Amino acid sequence: MIELALGSESHIGNIYPFVEKQALKSEFSYSYLSGGFSNPDAWKKAAREKVFELLHYRPEKCAPNAEITERTDMGDYIREKIYFNTTPDIRVPAYVLIPKSSLPAPAIVALHDHGCMYRWGKEKIIDVGPVHPALEEFRQQAYSGKCYATELARRGYVVICIDAFYFGERRILPAEPIDSATETTEQVQAQNELSRKEDTVAKTIFMAGLTWLGIMIWDDIRTVDYLISRPEVDPMRIGCIGLSLGGFRSAYLSGLDSRIKCAVVVGWMSAYGKMLKRHMVCHTWMLFIPGLYQYLDLPDIVSMLAPNPLLVIHGSRDELFPPEGVEEAFEKISAIYEKLGARDRFRASVYDTPHEFNADMQEEAFAWFDSVMRPAGV
């Protein structure tokens with residue numbers, strides 16, 4: 001077996017110095033810390049436009065044409081299964097959870113993770129009753145066995161969770177349909193393997209002139225469109241939250257959509273530059289926007305939420321991110337919030353844990369939302 005050159009510290013060996021040199025040329029001209037902007041609104045308008053330009057996916061807007069296919073009384077809330085349009089030719093499956101009291105209520109866009117578990121999307125964080133043992137095991141590992149989106153509904157929030165592109169009902173489907181009632185663990189594993197074609201899907205999407213993240217973020221933004229059309233929702237109190245890929249989506253959604261008033265990002269925060277040496281192998285093709293790093297870093301994007309409140313939760317034993325990258329991101333977000341006179345509205349919370357959104361983390365997130373969107377028990 002051929003190995004990398006001796007002494008190499010990067011997963012790309014002797015090629016890394018070239019990549020690093022190019023990355024160091026980045027001026028981050030659309031960062032609020034660049035000195036190029038004195039007006040926060042002008043900064044956000046310009047930076048958001050640059051991100052959308054690089055995402056290469058901006059379909060025409062359309063009516064959601066939502067259809068409720070299931071409506072279940074869960075005691076203290078109602079669970080709806082719906083389908084709605086995010087583009088004229090894409091219908092997205094979702095669950096909407098509606099508390100029975102104090103309406104209109106604040107609302108949360110709950111964004112599911114990746115976890116190499118393509119078989120399910122929204123069901124990872126929504127209580128849908130008895131589930132396959134493989135899904136239950138996944139929930140235990142990632143979420144302390146809890147469905148945090150359901151917990152938010154029980155606390156009085158309207159919650160929506162869609163299947164992101166490539167997960168759940170939007171995954172690559174097997175040639176022969178599988179009966180979910182009799183589905184075996186081996187069949188679940190086979191379906192996950194079927195979807196481990198991210199490199200081919202990404203190449204195909206890029207060649208077609210799109211970006212994978214562009215598709216995801218557009219769906220998430222259109223989800224907010226649908227959410228605020230619901231009479232049960234207070235459109236001035238919208239938040240978002242997610243773990244891992246869901247945390248990444250939460251960072252982008254909160255930075256790009258001014259209707260988001262409060263956000264929680266769990267298990268996905270780092271300065272991109274510090275990840276180049278050894279951490280690209282850890283991450284999905286779904287995250288990449290060619291050319292972005294010339295203009296903006298991830299902490300710049302999520303900081304466009306400011307001065308609205310932002311909580312970032314990180315596990316100190318999360319090996320998907322370099323500690324120095326996490327620290328640099330926290331420092332940059334803090335600096336932007338401070339420059340906008342809102343330093344107390346950003347919190348970085350670090351737990352001695354691996355990559356997860358455990359019960360204690362969830363309680364902190366719930367309290368964060370409550371303090372912002374349900375002040376004094378409203």
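Bear in mind that the values here come from a model prediction, so they are computed numbers and not experimental data. Values reported hereafter were calculated over all heavy atoms of this structure, with side chains retained and with hydrogens, waters and symmetry mates removed. Numbers here simply count residues along the sequence, with the first being 1.
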- Query: If only atom types and distance count, is the side chain of T223 paired as donor or acceptor with the main-chain N or O of D219 below 3.5 Å?
  - Reply: yes
- Any donor-acceptor pair under 3.5 Å linking the side chain of T87 with the backbone of D89? yes
- Is there side-chain contact between L97 and D127, with at least one heavy-atom pair below 4.5 Å? no
- Query: Do the charged groups of K261 and D234 touch, with an N to O distance under 4.0 Å?
  - Reply: no
- Item | Whether W218 and F52 hold their rings parallel, tilted or perpendicular, with breakpoints at 30° and 60° | perpendicular
- Among T150, V158, L152, which residue meets the side-chain contact (heavy atoms from CB on, under 4.5 Å) test with Y77? T150
- Message: Under a 3.5 Å cutoff, is there a donor and acceptor pairing between the side chains of S144 and Q362?
- Response: no
- Query: Is a side-chain donor or acceptor of R139 paired with a backbone partner of E123 at a separation under 3.5 angstrom?
  - Reply: yes
- Hey, are the side chains of R170 and I90 touching, using non-hydrogen atoms and a 4.5 Å cut-off? yes
- May I ask you to check whether over 12 heavy atoms, not counting those of K339, lie within 6.0 Å of atom NZ? yes
- Query: Side chain of K122, backbone of I160: donor and acceptor closer than 3.5 Å?
  - Reply: no
- Item | No-hydrogen, no-angle side-chain donor-acceptor test under 3.5 Å, R230 and Y226 | yes
- Check the surroundings of atom CD in E27: do more than 12 heavy atoms from other residues, nucleotides or ligands lie under 6.0 Å from it? no
- Query: Is the shortest heavy-atom distance from the side chain of I126 to the side chain of C147 under 4.5 Å?
  - Reply: no
- Message: For a 4.5 angstrom cut-off between non-hydrogen side-chain atoms, does T86 reach F165?
- Response: no
- V302 vs M269 side-chain heavy atoms within contact, under 4.5 Å: yes
- Task: Examine Y166 together with H114 and report whether their ring centres are nearer than 6.0 Å.
- Result: no
- Assess the side chains of Y143 and D113: does a donor N or O sit below 3.5 Å from an acceptor N or O? yes
- Message: Would you say that N85 contacts R91 through its side chain, given a criterion of any heavy-atom pair below 4.5 Å between the two side chains?
- Response: yes
- Query: I162 and L173: same hydrophobic cluster, using ILVMFWY side-chain contacts below 4.5 Å?
  - Reply: no
- Message: Counting only heavy atoms not in K50 (residues, nucleotides, ligands), do more than 12 fall under 6.0 Å from its NZ?
- Response: yes
- Task: Say whether M236 and V159 are linked into one hydrophobic cluster, either directly or through other cluster members, by side-chain heavy-atom distances under 4.5 angstrom.
- Result: no
- Do you reckon V92 sits in the same ILVMFWY cluster as I228, going by side-chain contacts under 4.5 Å, direct or chained? yes
- In plain terms, say whether D225 and R259 are close enough for a salt bridge, that is, a side-chain N and a carboxylate O under 4.0 Å apart. yes
- Close side-chain approach of S31 and D297, heavy atoms under 4.5 Å: no
- Taking only Lys NZ, Arg NE, NH1 and NH2, and the carboxylate oxygens of Asp or Glu, determine whether R58 and E49 approach each other closer than 4.0 Å. yes
- Query: For M117, does its backbone N or O pair with a side-chain atom of K124 as donor and acceptor, under 3.5 Å?
  - Reply: yes
- Query: After noting the C-alpha distance and the side-chain angles of Y83 and E169, does the key distance pass the side-chain hydrogen bond (donor to acceptor under 3.5 Å, both in side chains) rule?
  - Reply: CA-CA 11 Å; Y83 292 83; E169 296 177 53; 2.5 Å; yes
- D76/K100 ion pair, N-O < 4.0 Å: no
- Query: Going by atom types only, do Y293 and Q22 share a side-chain donor-acceptor pair under 3.5 Å?
  - Reply: no
- C161 backbone acceptor or donor facing H112 side chain under 3.5 Å: no
- Establish, for the pair R374 and Y157, whether the NZ or CZ atom is under 6.0 angstrom from the six-membered ring centre and no further than 45 degrees off its axis. yes
- Query: Can you find a pair of side-chain heavy atoms, one from P88 and one from E60, that are under 4.5 Å apart?
  - Reply: yes
- Message: Over 60° means perpendicular and under 30° means parallel, so tell me whether F321 and W268 are parallel, tilted or perpendicular.
- Response: perpendicular
- Query: Any salt bridge (Lys or Arg N to Asp or Glu O under 4.0 Å) pairs touching residues 318-334, not counting sequence neighbours?
  - Reply: K274-E328, D300-K332
